[in-house]
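Okay, so here's the structure we're looking at.
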Amino acid sequence: MTHFRNLRKSVILKWVSSCFFENQLNPPVFVMGSFHLSQRQNPRFYRSKGSAVAVKREVLEVPKIPRATLKEAQAALLEYLHWTRSIPFMDAENMSKNSPHFLRNLLEKVNIVKDVRSSMARFLRYHPINEFEPFFESLGLKPWEYTPLLPRNLMFLSDDSLFFENYRVLCQFGIERNKIGRIYKKAIQVFQLESGALSLKLQAYQELGLSHSFMVKIIVCSPCVLIGDVDMKFIKVLEILRSMGFDHAWIQEHLADQDSYNWGLILRVLNIFSEMFCSNELVRLINQHPGLLFEGSGYATFSLIGFLLKFGHPIDQISSMFLQFPKIQVQQFVSNLIKCFVFFHEIEMEVDEIAKLVCSYTVLLGSCRLKKTNSLLSNLNVGKKRLCKYIQENPQELSKWVIGLRIVPLPDSGEDIESKRLKMKFLLDLGYGENPNMMNKAFKVFRGRGGELQERFDSIVNAGLDKADVSEMVTVSPQILNQSKTVIQSKIDILVNELGYPLSSLVSFPSFLSYTTQRVRLRMAMYNWLKDHKKAEPDLALSTIVACSDKIFLNQYVNHHPSGPRVWQDLKAELSMDK
């Protein structure tokens with residue numbers, strides 16, 4: 001494993017960074033053909049109005065039609081498509097039997113006179129349909145999927161002979177009709193190839209030794225291999241995997257029809273892994289975790305490597321982490337890891353400590369689907385500071401805080417017990433000891449540790465107020481102590497030195513300390529402007545100016561002057577800029 005240590009970190013980081021740069025322009029999961037189609041606007045016939053979401057909702061809400069009615073409608077549509085529109089029988093039958101949403105919408109337009117079949121035939125005689133709609137639905141697409149894909153200004157399949165020819169080539173190659181829609185959605189260019197080109201491309205791949213069944217699978221999940229020349233990156237991936245002992249059947253087993261694959265990105269992952277592992281380790285890793293290659297074409301793997309490198313994770317430790325990778329999807333692992341990082345950030349853990357945890361317990365963090373931060377803080381009955389310390393000392397406990405498990409509160413520490421003792425003493429000094437119910441309520445109202453509450457109380461006393469007055473203030477407005485000593489001192493300074501009010505104003509209006517400094521400054525600036533313009537009484541109480549709602553303040557004071565609302569907005573903008 002000495003080559004792990006010899007591998008330059010900068011090389012890996014360069015590979016990962018270049019991958020990220022390219023895929024910001026062309027995300028690997030979405031580059032397979034449909035990215036430019038959403039902008040196409042097409043005329044539609046017998047289709048619900050509105051967005052694709054609305055179409056989806058409407059389709060889901062359409063009630064089922066009786067079986068007998070459906071069969072008659074299918075027969076009428078088959079006759080129309082085959083005998084009137086000359087669509088080959090197999091295709092016409094597939095369209096009539098596999099387009100239930102289209103048929104339901106069409107039946108709503110038909111006036112049934114005697115029987116469904118004749119009534120529908122009469123309707124179709126005078127109301128030609130957009131044939132692409134039932135055709136795309138019969139190819140496995142839902143209305144909300146094919147709506148943005150319909151060709152512009154076309155309504156008959158015969159209008160686009162090239163499209164229909166390439167469709168027939170895929171059918172004859174053995175691709176199921178209900179999967180061809182997925183190919184069209186991923187790579188519309190395949191259906192725009194010149195006459196005969198698609199057959200030649202399929203023949204070229206078979207001449208390279210790729211079996212017919214394997215190519216059918218590849219075309220369904222990765223039709224981009226049919227665009228341009230032979231995809232040499234795809235061929236190179238097959239060669240590398242074959243050299244490791246992974247045959248086409250193994251690859252075929254691990255590809256999903258609903259996904260798309262960027263073989264260039266998969267090749268990059270293989271190249272990086274070949275530098276990080278010896279051949280036996282790499283074979284074992286891919287065999288146990290094929291998702292490292294195929295989930296999002298390896299983009300999740302690149303994300304994981306880049307994330308760990310950013311935290312200073314050494315290459316040999318990243319290699320070791322992959323060899324211990326849990327039985328979990330790579331994308332879920334990355335998501336769990338990032339959520340753990342966000343959780344550490346939200347509980348205000350130091351960056352260095354976060355880096356230590358990420359580097360030392362990567363597999364653990366990637367395996368834990370943590371509950372939300374607020375939920376954990378509440379259920380653990382702990383503050384952020386103590387939780388940070390607890391996690392650093394007991395990182396394995398994170399596995400007990402995942403979604404689906406009941407959270408057990410942390411036991412009280414010596415610091416907690418001392419804090420509760422100090423908080424109890426503080427509350428007793430305020431006079432809450434006579435009534436147990438009041439004491440319990442006070443414990444919930446007064447937030448903070450016992451020593452902090454006393455420190456905040458003392459900061460108000462030290463500003464120059466009598467202790468008995470401050471006690472009364474806290475009893476009336478206990479929330480004033482639910483902020484730091486620094487914040488309390490700054491608000492007192494604004495009251496006395498900026499606004500010019502005596503300190504004793506707090507005795508009659510203690511909740512002044514609860515309001516934000518921006519609110520106080522805005523109200524006082526507006527009040528002073530109104531006084532200067534003779535639109536406000538010169539001796540209004542501080543509580544009258546600050547405590548009322550914005551609506552009342554605007555109606556009773558600001559709006560009394562024609563320019564008041566404008567000045568109010570100007571002052572608000574000015575104060576916002578100064579924040």
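For the single chain, residues carry numbers from 1 onward in sequence order.
The side-chain contact (heavy atoms from CB on, under 4.5 Å) test applied to Lys339 returns Ser335, not counting sequence neighbours. Scanning for ring pair (Phe, Tyr, Trp, His ring centres under 6.0 Å) contacts around His254 gives Trp250, with sequence neighbours left out. Phe173 pairs by the ring pair (Phe, Tyr, Trp, His ring centres under 6.0 Å) definition with His212, not counting sequence neighbours. Residues satisfying the ring pair (Phe, Tyr, Trp, His ring centres under 6.0 Å) criterion with Phe344, sequence neighbours excluded, are absent altogether. Legend: residues meeting side-chain hydrogen bond (donor to acceptor under 3.5 Å, both in side chains) with His248, ordered by chain and number and at least two apart, are Arg242. Not counting sequence neighbours, the partners of Lys236 by the side-chain contact (heavy atoms from CB on, under 4.5 Å) test are Glu239, Ile240, Leu267. With sequence neighbours left out, the side-chain hydrogen bond (donor to acceptor under 3.5 Å, both in side chains) criterion links Asn98 to Asn94. Lys201 meets the salt bridge (Lys or Arg N to Asp or Glu O under 4.0 Å) test with no other residue; sequence neighbours excluded. With sequence neighbours excluded, the residues satisfying side-chain hydrogen bond (donor to acceptor under 3.5 Å, both in side chains) with Glu165 are Ser195. When the side-chain hydrogen bond (donor to acceptor under 3.5 Å, both in side chains) test is applied to Glu93, the partners found at least two apart in sequence or on another chain are Lys97.
In the displayed structure, Glu350 atom CD is contacted under 6.0 Å by at most 12 heavy atoms of other residues, nucleotides or ligands. Counted within 6.0 Å of CD on Gln172, heavy atoms from surrounding residues, nucleotides or ligands total more than 12; the atom is thus considered enclosed.
In this structure, Leu124 CG and Lys109 NZ are separated by 13.5 Å, a value rounded to the nearest 0.5 Å. Expressed to the nearest 0.5 Å, how far NZ of Lys217 lies from CG of Leu210 amounts to 15.5 Å. Distance OG/Ser297 to CZ/Phe302: 10.5 Å, rounded to 0.5 Å. Atoms CG and CZ, from Leu292 and Phe322 in turn, are 6.0 Å apart once rounded to the nearest 0.5 Å. Interatomic distance, Ser138 OG to Met95 CE, rounded to the nearest 0.5 Å: 6.0 Å. The structure places CG of Leu208 at 9.0 Å from CE of Met215, a figure rounded to the nearest 0.5 Å.
In this structure, Gln329 and Glu295 have side chains that are in contact, with non-hydrogen atoms separated by less than 4.5 Å. Looking at heavy atoms from C-beta onward, Val269 lies in side-chain contact with Phe273 at the 4.5 angstrom threshold. Within the 4.5 Å cutoff, side-chain heavy atoms of Ile391 are placed close to those of Ile347. At least one side-chain heavy atom of Leu81 sits less than 4.5 Å from a side-chain heavy atom of Leu77. Taking the side chain as every heavy atom from C-beta outward, Asp160 and Phe191 never approach each other to under 4.5 Å. Between Val408 and Leu380, every side-chain heavy-atom pair lies at or beyond the 4.5 Å cut-off. When side chains are defined from C-beta on, Asn262 does not count as touching Tyr299, because their heavy atoms never get closer than 4.5 Å. Between Met349 and Leu387, every side-chain heavy-atom pair lies at or beyond the 4.5 Å cut-off.
With hydrogens and angles ignored, the 3.5 Å screen pairs a side-chain donor or acceptor of Asn166 with a backbone N or O of Leu162. Between the Ser320 side chain and the Gln317 main chain, no donor and acceptor come within less than 3.5 Å of each other. No donor-acceptor pair closer than 3.5 Å links the side chain of Glu346 to the backbone N or O of Thr373. Using a distance-only test at 3.5 Å, with no hydrogens or angles considered, a donor-acceptor pair links the side chain of Tyr205 to the main chain of Val225. A distance-only check finds a donor-acceptor pair linking the side chain of Asn379 to the backbone of Ser375 [under 3.5 Å]. Glu137 places no side-chain N or O within donor-acceptor distance of the main-chain N or O of Pro143, the cut-off being under 3.5 Å. Side-chain atoms of Ser360 come within 3.5 Å of backbone N or O of Lys356 as a donor-acceptor pair. Without hydrogens or angle criteria, Ser211 side chain to Phe214 main chain gives a donor-acceptor distance under 3.5 Å. In this structure, Glu353 contributes its side chain and Gln392 its backbone to no donor-acceptor pair below 3.5 Å. No donor-acceptor pair closer than 3.5 Å links the side chain of Asn394 to the backbone N or O of Glu397.
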Can you give each donor-acceptor pair under 3.5 Å made by side-chain atoms of residues 361-369, sequence neighbours left out, with the distance rounded to 0.1 Å?
| unit_1 | atom_1 | unit_2 | atom_2 | d |
| --- | --- | --- | --- | --- |
| Thr362 | OG1 | His313 | NE2 | 3.1 |
| Thr362 | OG1 | Val358 | O | 2.5 |
| Ser367 | OG | Val363 | O | 2.7 |

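For Phe325 and Phe333, the distance between ring centers is under 6.0 angstrom. Between Phe163 and Phe135, the gap from one ring centroid to the other is short of 6.0 Å. Taking the ring centroids of Phe156 and Phe132, they lie at or beyond the 6.0 Å cut-off.
The aromatic rings of Phe341 and His345 lie parallel to each other, with less than 30° between the two planes, well short of the 60° mark.
The pair Lys179-Glu176 counts as a salt bridge, with a side-chain nitrogen and a carboxylate oxygen less than 4.0 angstrom apart. Note on Glu145 versus Lys142: no salt bridge recorded, every NZ/NE/NH1/NH2 to OD/OE distance being 4.0 Å or above.
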Assess the residue pair Asp91 and Tyr167 against the criterion (side chain to side chain donor-acceptor pair (under 3.5 Å)); give the C-alpha distance rounded to whole Å, side-chain angles, the decisive distance to 0.1 Å, and a yes or no. CA-CA 11 Å; Asp91 298 317; Tyr167 156 76; 2.7 Å; yes
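For the 3.5 Å distance criterion, the side chains of Asp115 and Ser118 qualify, holding a donor opposite an acceptor. Defined by atom type and a distance below 3.5 Å, a donor-acceptor pair is present between the side-chain atoms of Gln332 and Asn336.
Listed by first and then second residue, the side chain to side chain donor-acceptor pair (under 3.5 Å) pairs that reach into residues 79-90 are Glu79-Arg117, Arg85-Glu131, Arg85-Ser158, sequence neighbours excluded.
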